[in-house]
Asks: 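After the structure tokens below, expect a handful of questions from me.
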There are 2 protein chains.
Amino acid sequence: MPSEALKARREGLLFLEHFLPYRLSVLSNTVSGRIAKSYEERFQLTIAEWRVMAVLGRFPGLTAAEVTERTAMDKVQVSRAVSRLKETQRIEQRAVEGDRRARHLFLTDQGHEVYAEIVPLALDYERQFTAGLKAAERAQLDRLLDKLAAAAATL
Amino acid sequence: MPSEALKARREGLLFLEHFLPYRLSVLSNTVSGRIAKSYEERFQLTIAEWRVMAVLGRFPGLTAAEVTERTAMDKVQVSRAVSRLKETQRIEQRAVEGDRRARHLFLTDQGHEVYAEIVPLALDYERQFTAGLKAAERAQLDRLLDKLAAAAATL
DNA sequence: CCAACATAGTTTCAAATGAAACCATTATCA
DNA sequence: TGATAATGGTTTCATTTGAAACTATGTTGG
């Protein structure tokens with residue numbers, strides 16, 4: 001931490017720009033905002049919808065509740081995203097044997113096409129975004145974020 | 001990156017849980033949500049209001065436009081936060097010489113009291129949150145976030 | 001069996017948000 | 001000057017969001 005920040009701390013001040021929760025929030029909002037805009041423009045897709053598609057691309061047949069578990073979204077968000085994705089024909093539902101409340105969710109052919117277009121874009125965006133980091137730095141970043149996520153979850 | 005993620009990448013899949021923008025978003029939402037809850041409970045203060053107070057604690061007399069520059073908030077958010085903070089008597093306004101549109105913003109005595117209570121809480125939260133990191137790791141984290149923020153800003 | 005409870009997913013309603021329009025004032029410059 | 005544009009800040013309106021209530025179905029314990 002810069003010494004000015006340490007000094008401020010002794011004086012009971014807080015430098016927002018050195019405060020980790022603030023920095024994470026600004027960074028995350030910048031990144032997500034940019035991504036949201038490009039998904040919206042190209043695919044008329046919100047981040048929530050994209051998350052549902054992403055997880056279904058990898059785990060076909062999850063139910064909405066299972067999508068909820070895997071995406072840090074709540075069930076209302078998932079429900080809304082799913083209903084929009086049905087309207088736009090990107091996903092379809094099939095019965096769950098033995099439980100008429102839930103339905104398995106799958107990407108449609110159209111959904112797979114969109115998915116196949118977005119994945120490289122997303123990965124490319126991530127690559128550009130981290131282009132300034134060496135491989136070791138990137139690995140270190142992942143480690144640090146793991147630790148922080150674990151700490152945040154238990155606090 | 002774990003090898004399963006690399007393999008997925010070759011296959012045109014994306015592992016949301018390894019995708020940096022997603023991880024940042026989840027982490028930031030967890031952290032901010034927790035902080036928001038505690039500020040709300042103890043001080044009936046939103047994150048936006050707290051940001052305004054934080055920056056005024058350090059830079060008394062900023063105008064709303066200057067607060068906007070320093071907080072990654074837009075002017076509507078700042079305007080709303082300021083009007084609530086006036087209502088709750090945490091800040092007050094004084095004329096800007098030579099410009100009748102803008103007003104200087106200051107914490108009131110009450111505002112200073114709240115500020116003096118929150119700052120240690122916030123710093124303590126940050127300390128707990130990063131307790132698992134060694135000093136060198138924390139420094140590295142700050143460096144990495146600086147790089148990412150710079151990259152995100154220019155993309 | 002059935003009463004109570006739990007779960008999957010949807011809907012409702014109030015509050016939060018963002019974009020754009022807006023008012024007042026100040027700056028620019030022909 | 002005076003017209004035009006720019007700035008500081010607020011308000012309006014439509015949309016999004018979240019919490020809670022709700023429907024339907026499934027599970028559990030007496």
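Small disclaimer: the values here were computed from a predicted structure and weren't measured. Chain identifiers are assigned alphabetically (A, B, ...) following the order of the sequence lines, protein sequences preceding nucleic acid strands; residue numbering begins at 1 within each chain.
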Asks: Got a sec, which residues hit salt bridge (charged side-chain N to carboxylate O under 4.0 Å, His left out) with A:Arg100, two or more places apart in sequence or on another chain?
Replies: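 Testing A:Arg100 for salt bridge (charged side-chain N to carboxylate O under 4.0 Å, His left out), a comparison that skips the adjacent residues, returns none.
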
Asks: With DNA chain D as reference, determine whether A:Gly98 or A:Gln77 sits nearer its 5' end, using the nearest nucleotide of each.
Replies: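 Result: A:Gln77.
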
Asks: How would you list, by chain and number, every residue that makes a side chain to side chain contact (heavy atoms under 4.5 Å, CB included) with A:Thr63, sequence neighbours excluded?
Replies: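 With neighbours one apart ignored, the set is A:Ala65, A:Glu66, A:Val96, A:Ala102, A:His104.
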
Asks: Only counting residues at least two apart or in another chain, list the ones meeting ring-ring contact (aromatic ring centres under 6.0 Å, His included) with B:Tyr39.
Replies: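 So B:Tyr39 forms a ring-ring contact (aromatic ring centres under 6.0 Å, His included) with B:Trp50.
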
Asks: Whole-Å distance between C:dT26 P and B:Glu97 CD?
Replies: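 After rounding, the gap between these two atoms is 13 Å.
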
Asks: Quick one: list whatever passes side chain to side chain contact (heavy atoms under 4.5 Å, CB included) with A:Thr108, sequence neighbours left out.
Replies: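 For A:Thr108 the side chain to side chain contact (heavy atoms under 4.5 Å, CB included) partners, ignoring immediate neighbours, are A:Glu92, A:Gln110.
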
Asks: Looking at residues 33-51 of chain B, who's got a heavy atom less than 4.0 Å off DNA chain D?
Replies: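 Those residues whose heavy atoms fall under 4.0 Å from DNA chain D, taken from residues 33-51 of chain B, amount to none.
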
Asks: Return a single string for nucleotides 3-12 of chain D, one symbol per nucleotide in 5' to 3' order, where B is base contact, S is sugar-phosphate-only contact and - is none, cutoff 4.0 angstrom on heavy atoms.
Replies: ---BBSBBBB

Asks: In whole angstroms, how far is the C1' atom of C:dA19 from the CG atom of B:Asp74?
Replies: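 Nearest whole value for this atom pair: 10 Å.
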
Asks: With sequence neighbours left out, write down each residue that passes salt bridge (charged side-chain N to carboxylate O under 4.0 Å, His left out) with B:Arg34, or none if nothing qualifies.
Replies: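 None.
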
Asks: Strictly by salt bridge (Lys or Arg N to Asp or Glu O under 4.0 Å), give each pair with a member in residues 19-28 of chain A just once, sequence neighbours left out.
Replies: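 Residue pairs with at least one partner in residues 19-28 of chain A: A:Arg23-B:Asp142, A:Arg23-B:Asp146.
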
Asks: A:Val26: which residues meet the side chain to side chain contact (heavy atoms under 4.5 Å, CB included) condition with it, sequence neighbours left out?
Replies: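 Per chain and number, A:Val26 pairs via side chain to side chain contact (heavy atoms under 4.5 Å, CB included) with A:Tyr22, A:Thr30, B:Ala72.
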
Asks: Parallel, tilted or perpendicular: which fits the ring planes of B:Phe15 and B:His18, with parallel below 30° and perpendicular above 60°?
Replies: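 It falls in the parallel class, under 30°.
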
